[in-house]
J.: 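Let me give you the structure first, and then I'll get to my questions.
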Amino acid sequence: MENKLIEKVVEGLKHLYSADVDEKQVQIQKTRKEFDGDLTVVVFPFLRASKKGPEQTAEDLGGFIQENVDEVEAFNVVKGFLNFSISKKYWLDVFSNISDQIDYGFQADSGKTIMVEYCSPNTNKPLHLGHLRNNFLGYSVANILKANGHNVVKTQIINDRGIHICKSMIAWQKFGEGETPESSGLKGDHLVGKYYVEFDKAYKVEIARLIEEGMEKAVAEKEAPIFKEAQSMLLKWEEGDAEIRVLWAKMNQWVYDGFDVSFKTMGVDFDELYYESDTYLLGKDVVAQGLAKKEFYQKEDGSVWADLSHTKLDDKILLRSDGTSVYMTQDIGTAIERYKKHTGLSGLIYTVGNEQNHHFKVLFTILEKLGYSWAEGCYHLSYGMIELPEGKMKSREGTVVDADDLMEMIVADAKAMTQERGHLDRMSEKEREELYSLIGLGGLKYFLLKVDPKKGMVFNPAESIDLNGNTGPFIQYAHARIQSLLAKAESLGFSKQYENVEINSKEQELIKLMNDYPSVIKEAGKLYSPAIIANYIYELVKEFNNFYQTVDILREEDVQKLAFRLCLSEMVAKVIKSSMLLLGVDVPNKM
RNA sequence: GGCUCCGUAGUUCAACUGGAUAGAAUGGCAGAUUUCGGCUCUGCUGGUUGGGGGUUCGAAUCCCUCCGGGGUCACCA
């Protein structure tokens, strides 16, 4: 419809003023609620062509369009805005068209493959609140890209080596007394995290002692015996020392087992895993080649740098003077590796916090400099930090919010809330437990995803499972109610067959909103933003609640209308479910 | 210090990427329905869009400049 209007506007301008206006000049938008009409054309850009005032131009154009477009029943002009009312018949046709599409809103196969990286944990401690946003975001964006017709490869790179890993290992050796997840009953990642904290404690004690003995703080930090032990362990690891490698493999496995449980609770998964222990040497040869081709330069001390003076970025070190690589080096290597493995990959999305904005800007610049044309398909899906209502939470200050604890807590809250007001009578114990986690985690996910990813946000646990407001449970509730309505209709033997009905304005609003669904999916895919989906669902649900409140459904006497309203409600439920699934949130039929 | 992102009702977020009188939710207040699900709905309250300047038919959005906040610029990972 919008395309048709654009076409006719261009035609109309030509006819009326013999002016040629490019289609791109024509802005069509949905008419705001305060005004009459469905679609609005902004006429300001045409004033130069018409040589008339905005009102007059709009009147002229409106007349032409009404004449020439059957579906346009009426128009009105407010300032420079031309509002068109589209016929009810048209909207009814739209509805019958969309209601029998199976994957309504989803785009056809694009033939493109896009890789989405998210999570990317360290194996020395459990996941925290920030990881939740990361995982939900990455997983949802992957879903959204799939809905846009792309083939998606979900991946993560696991930071399984390095000095921080050695720290947990040292502490476990020293203080662990052979403790295992089995013997302690602790989840593997929590157990390893515990020793990471142990290391830090011991380290601080040693530093304090050295300072007391008259050492400078900076020196003490490097001279502390336990720190030196960790360093020498790292060297041994790199040499492939058998004993260290066995310990390393054992402790990492504990962590992986723990993570698997967390991933399952979160409802996320991956298609392909990368381990830093396999990739950390990648990129060195690329840097060497770049140096030979004079794309990089070497300083006197032997370190290798990328010259980024053509941008506003500072030069970046790629190899240390001792020839070892830095993070950037392996990121370069890994990106190249991925494009080799997936030939024709048309996008690589990194879901990483915004503190790394600079890092990725540099990475992409260097890849471009090296002449990889695919670098423009790389995208840093950057997201802001989460704060709690009480104040900031930062991972270094020890006030980290553990992901597992948080999820457990929120499910417990959901349980309490649901038991208080839920309709659980006919549910088995298993169904109930599933429902609690559906509500708790659904609320959590929705809350974290409804905000524009780029922005920082405040997470309020209590609010996230509130049944009122822009929350997951509010939407789940609406869905459950529609299902219950449909079930009741069926038990009463109402038909869902209708021929011709006159639709009212509430129904028309709902159809218009559902008609937007495909373009919302496109928009969300273009901007990598689940928030766009979330806000759309909320709009739809509010509109439905409004309809539900003001229009009788089961009490309607006209069987045609009743049947139509059932179909309409059913379709709303379908769109709710489909769009919530894009966020990774399932919706119950009863709650 | 250089670069960069951000600042919107008391609070949490929107604003179709330059469009109409900046909208929701929550909170508070006042009502309606109390039936297909305990819910839901309506109204009121609340804003110098951090301040100032500019660009134009039109600015929360673009430019400049201050103020305030975050991030980053490691031979750390």
Side-chain angles (χ1 to χ4, degrees), chain A residues 27-35 40 42-45 47-48 53-54 78-81 83 122 124 159 161-165 167 234 276 280 299 301-305 311-327 330 353-359 361-362 382 384-385 387 389 392 420-423 447 450-452 454-460 463-464 466-471 474 477-478 480-489 492 516 519-520 523 526-527 531-532 534-536 538-539 542 544-550 552-556 569 590-591:
Chain A
Q27 296 177 51
I28 306 264
Q29 49 192 261
K30 290 194 290 172
T31 304
R32 297 177 64 134
K33 282 215 172 144
E34 315 89 273
F35 305 98
T40 295
V42 183
V43 301
F44 289 111
L47 300 185
R48 203 178 304 166
V78 182
K79 293 185 187 170
F81 297 88
N83 304 321
N122 291 327
N124 62 336
N159 300 299
R161 49 133 252 139
I163 189 81
H164 54 298
I165 310 295
K167 288 178 180 175
L234 180 59
E276 197 196 324
Y280 80 108
K299 286 192 179 171
D301 62 7
S303 55
V304 178
W305 296 71
T311 65
K312 283 181 173 177
L313 304 164
D314 294 323
D315 286 9
K316 176 69 195 175
I317 189 164
L318 298 175
L319 288 179
R320 299 184 184 112
S321 51
D322 63 5
T324 55
S325 55
V326 294
Y327 241 50
Q330 64 162 304
N354 63 6
E355 68 272 11
Q356 300 220 35
N357 283 354
H358 180 259
H359 176 84
K361 221 181 265 180
V362 172
S382 161
M385 209 171 57
E387 289 172 23
K392 298 186 180 181
E420 199 175 304
R421 51 176 103 184
H423 299 252
F447 201 92
K450 75 177 177 183
V451 179
D452 183 352
K454 288 195 290 285
K455 292 189 166 184
M457 67 174 299
V458 176
F459 171 62
N460 185 333
E463 212 174 285
S464 73
D466 195 333
L467 220 42
N468 292 312
N470 188 359
T471 66
F474 174 72
Y477 191 87
R481 208 170 43 184
I482 293 175
Q483 293 306 339
S484 143
L485 171 71
L486 293 172
K488 178 137 191 173
L492 292 173
D516 290 338
S519 61
V520 169
E523 184 77 3
K526 209 170 77 187
L527 300 176
I532 290 176
N535 286 323
Y536 168 76
Y538 182 55
E539 282 302 313
K542 268 199 302 185
F544 180 80
N545 283 341
N546 192 311
F547 160 78
Y548 179 85
Q549 170 71 18
T550 47
D552 287 332
I553 300 176
L554 297 183
R555 286 190 301 201
E556 172 61 49
S569 303
K590 287 189 263 180
M591 71 182 270

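Within every chain, numbering begins at 1; the chains are lettered A, B, ... in the order of the sequence lines, protein sequences first and strands thereafter. Keep in mind the model is a prediction, meaning the values are calculated, not measured.
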J.: If a protein heavy atom is under 4.0 Å from the base, mark B; if only from the sugar-phosphate, S; if neither, -; do that for nucleotides 1-8 of chain B going 5' to 3'.
T.: --SS--S-
J.: Show me the protein contacts with nucleotides 42-45 of chain B, counting only N or O atoms at under 3.5 Å.
T.:
{"from": "U42(B)", "atom 1": "OP1", "to": "Asn546(A)", "atom 2": "ND2", "distance (Å)": "3.3"}

J.: Of all residues at least two apart in sequence or in a different chain, which pass the salt bridge (Lys or Arg N to Asp or Glu O under 4.0 Å) check with Asp516(A)?
T.: Lys30(A)
J.: Within this structure, what is the CZ-to-C1' distance between Phe547(A) and U33(B), rounded to whole angstrom?
T.: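 Those two atoms, CZ and C1', are 17 Å apart.
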J.: Between Asn468(A) (CG) and A25(B) (P), how many Å, whole number?
T.: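 Those two atoms, CG and P, are 11 Å apart.
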J.: May I ask you to say what Ala489(A) touches in the nucleic acid, namely base, sugar-phosphate or nothing, with a heavy-atom cut-off under 4.0 Å?
T.: nothing
J.: Name the residue closer to the 5' end of RNA chain B, choosing between Ser321(A) and Glu539(A) according to the nucleotide with the nearest heavy atom.
T.: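 Of the two residues, Glu539(A) wins.
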J.: Between U21(B) and U4(B), how far apart are the C1' atoms? Round to whole Å, please.
T.: 36 Å
J.: With sugar-phosphate meaning primed atoms plus P, OP1 and OP2, does Phe474(A) contact a base, only sugar-phosphate, or nothing at under 4.0 Å between heavy atoms?
T.: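 It contacts sugar-phosphate atoms only.
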J.: What integer distance in Å separates Leu318(A):CG from A74(B):P?
T.: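 Rounded to the whole Å, the gap is 12 Å.
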J.: Quantified in whole Å, what is the P atom distance between nucleotide A20(B) and nucleotide G10(B)?
T.: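 About 22 Å, rounded to a whole number of Å.
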J.: Report which part of the nucleic acid Arg161(A) touches: base, sugar-phosphate, or nothing (heavy-atom distance under 4.0 Å, all strands).
T.: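 Counting heavy atoms under 4.0 Å across all strands, the contact made by Arg161(A) is with sugar-phosphate only.
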J.: Indicate, with a heavy-atom threshold strictly under 4.0 Å, whether Asp552(A) touches base, sugar-phosphate, or nothing.
T.: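 The residue Asp552(A) makes no contact with any strand.
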J.: Please check this pair: side chain of Thr324(A) against backbone of Arg320(A), looking for a donor-acceptor N/O pair closer than 3.5 Å.
T.: no
J.: What integer number of Å spans the C1' atoms of C62(B) and U49(B)?
T.: 16 Å
J.: Would you please indicate yes or no on a ring centroid separation below 6.0 angstrom for Phe547(A) and Phe544(A)?
T.: yes
J.: At under 4.0 Å between heavy atoms, which parts of nucleotides 16-23 of chain B does protein reach? Answer with one letter per nucleotide, 5' to 3': B base, S sugar-phosphate only, - none.
T.: -B-BBS--
J.: Taking the same atom, C1', in A59(B) and in G54(B), what whole-Å distance lies between them?
T.: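 Looking at atom C1' only, A59(B) and G54(B) are 11 Å apart.
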J.: Provide the distance between the two P atoms, one in C64(B) and one in G2(B), to the nearest whole Å.
T.: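 My reading of the P atoms in C64(B) and G2(B) gives 15 Å.
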J.: Which part of the nucleic acid does Tyr548(A) contact within heavy-atom distance under 4.0 Å: base, sugar-phosphate only, or nothing?
T.: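 Touches a base.
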J.: Does the side chain of Tyr327(A) come under 3.5 Å of the side chain of Asn159(A) through a donor N or O and an acceptor N or O?
T.: yes
J.: Which heavy atom in Asn545(A) sits nearest to a heavy atom in Ala478(A), and how many Å separate them?
T.: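 Looks like OD1-CB, 4.4 Å.
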J.: Which heavy-atom pair separates Asn354(A) from Gly384(A) by the least distance, and what is that distance?
T.: ND2-CA, 3.4 Å
J.: Looking only at non-hydrogen atoms, find the nearest pair between Gly469(A) and Tyr538(A) and report the distance.
T.: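 For Gly469(A) versus Tyr538(A), the nearest heavy atoms are O-CE1, 3.7 Å.
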J.: Taking all atoms of both residues into account, what is the closest heavy-atom pair of Ser382(A) and Gly353(A), and its distance?
T.: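 Smallest heavy-atom distance, with atoms named: OG-C, 4.4 Å.
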J.: Does Arg48(A) have any salt bridge (Lys or Arg N to Asp or Glu O under 4.0 Å) partners at least two apart in sequence or in another chain, and if so, which?
T.: none
J.: Whole angstroms only, please: what is the CG-P distance between Asn535(A) and A24(B)?
T.: 14 Å
J.: If I pick the C1' atom on A60(B) and the same atom on G47(B), what distance separates them, to the nearest angstrom?
T.: 12 Å
J.: Rounding to an integer number of Å, can you tell me how far Met457(A) CE sits from U12(B) C1'?
T.: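 Going from CE in Met457(A) over to C1' in U12(B) covers 9 Å.
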J.: Is any side-chain heavy atom of Trp305(A) closer than 4.5 Å to one of Ile317(A)?
T.: yes
J.: Compare all side-chain heavy atoms of Asn470(A) with those of Asn535(A) and state whether any distance is below 4.5 angstrom.
T.: yes
J.: Could you state the CG-C1' distance from Asn470(A) to U12(B), rounded to the nearest angstrom?
T.: 10 Å
J.: Considering only atom P, compute the distance from U61(B) to A22(B) and round it to an integer number of Å.
T.: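 Their P atoms lie roughly 14 Å apart.
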J.: Under 4.0 Å from OP1 or OP2 of U35(B): is there any side-chain N or O of Arg481(A) that close?
T.: no
J.: Is U12(B) syn or anti, taking syn as a glycosidic angle within 90° of 0?
T.: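 You should classify U12(B) as anti.
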J.: Could you give the CG-to-C1' distance, from Asn545(A) to G37(B), as a whole number of Å?
T.: 12 Å
J.: Minimum heavy-atom separation for Lys450(A) to Ala531(A), with atom names?
T.: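 Minimum heavy-atom contact is O-CB, 3.4 Å.
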J.: Nearest to the side chain of Ile163(A), heavy atoms from C-beta on, is which of G37(B), A77(B), U26(B)?
T.: A77(B)
J.: Of the listed nucleotides (U35(B), C39(B), U12(B)), which one gets closest to any side-chain atom of Glu463(A)?
T.: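 Looking only at side-chain atoms, Glu463(A) lies closest to U12(B).
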J.: Check the distance between U72(B)'s C1' and Met385(A)'s CE and give it to me in whole angstrom.
T.: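 Distance check: Met385(A) CE to U72(B) C1' gives 14 Å.
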J.: Taking side chain as C-beta onward, heavy atoms only, is Leu313(A) less than 4.5 Å from Lys361(A)?
T.: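 In contact.
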J.: How close do Val458(A) and Phe447(A) get, heavy atom to heavy atom, and via which atoms?
T.: O-CE2, 3.5 Å
J.: For RNA chain B, what is the dot-bracket line, given that a base pair needs Watson-Crick (N1 to N3, plus N6-O4 or O6-N4) or G-U wobble (N1-O2 and O6-N3) geometry with both distances under 3.5 Å, and | means paired with another strand?
T.: (((((((..((((.....[...))))((((((.......))))))....(((((..]....))))))))))))....
J.: Taking atom C1' in both C67(B) and A25(B), compute the distance separating them and give it to the nearest angstrom.
T.: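 So the two C1' atoms sit 31 Å from each other.
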J.: Do Asp466(A) and Thr471(A) have side-chain atoms, one donor and one acceptor, less than 3.5 Å apart?
T.: no
J.: Considering only heavy atoms from C-beta outward, does the side chain of Met457(A) approach that of Asp452(A) to under 4.5 Å?
T.: no
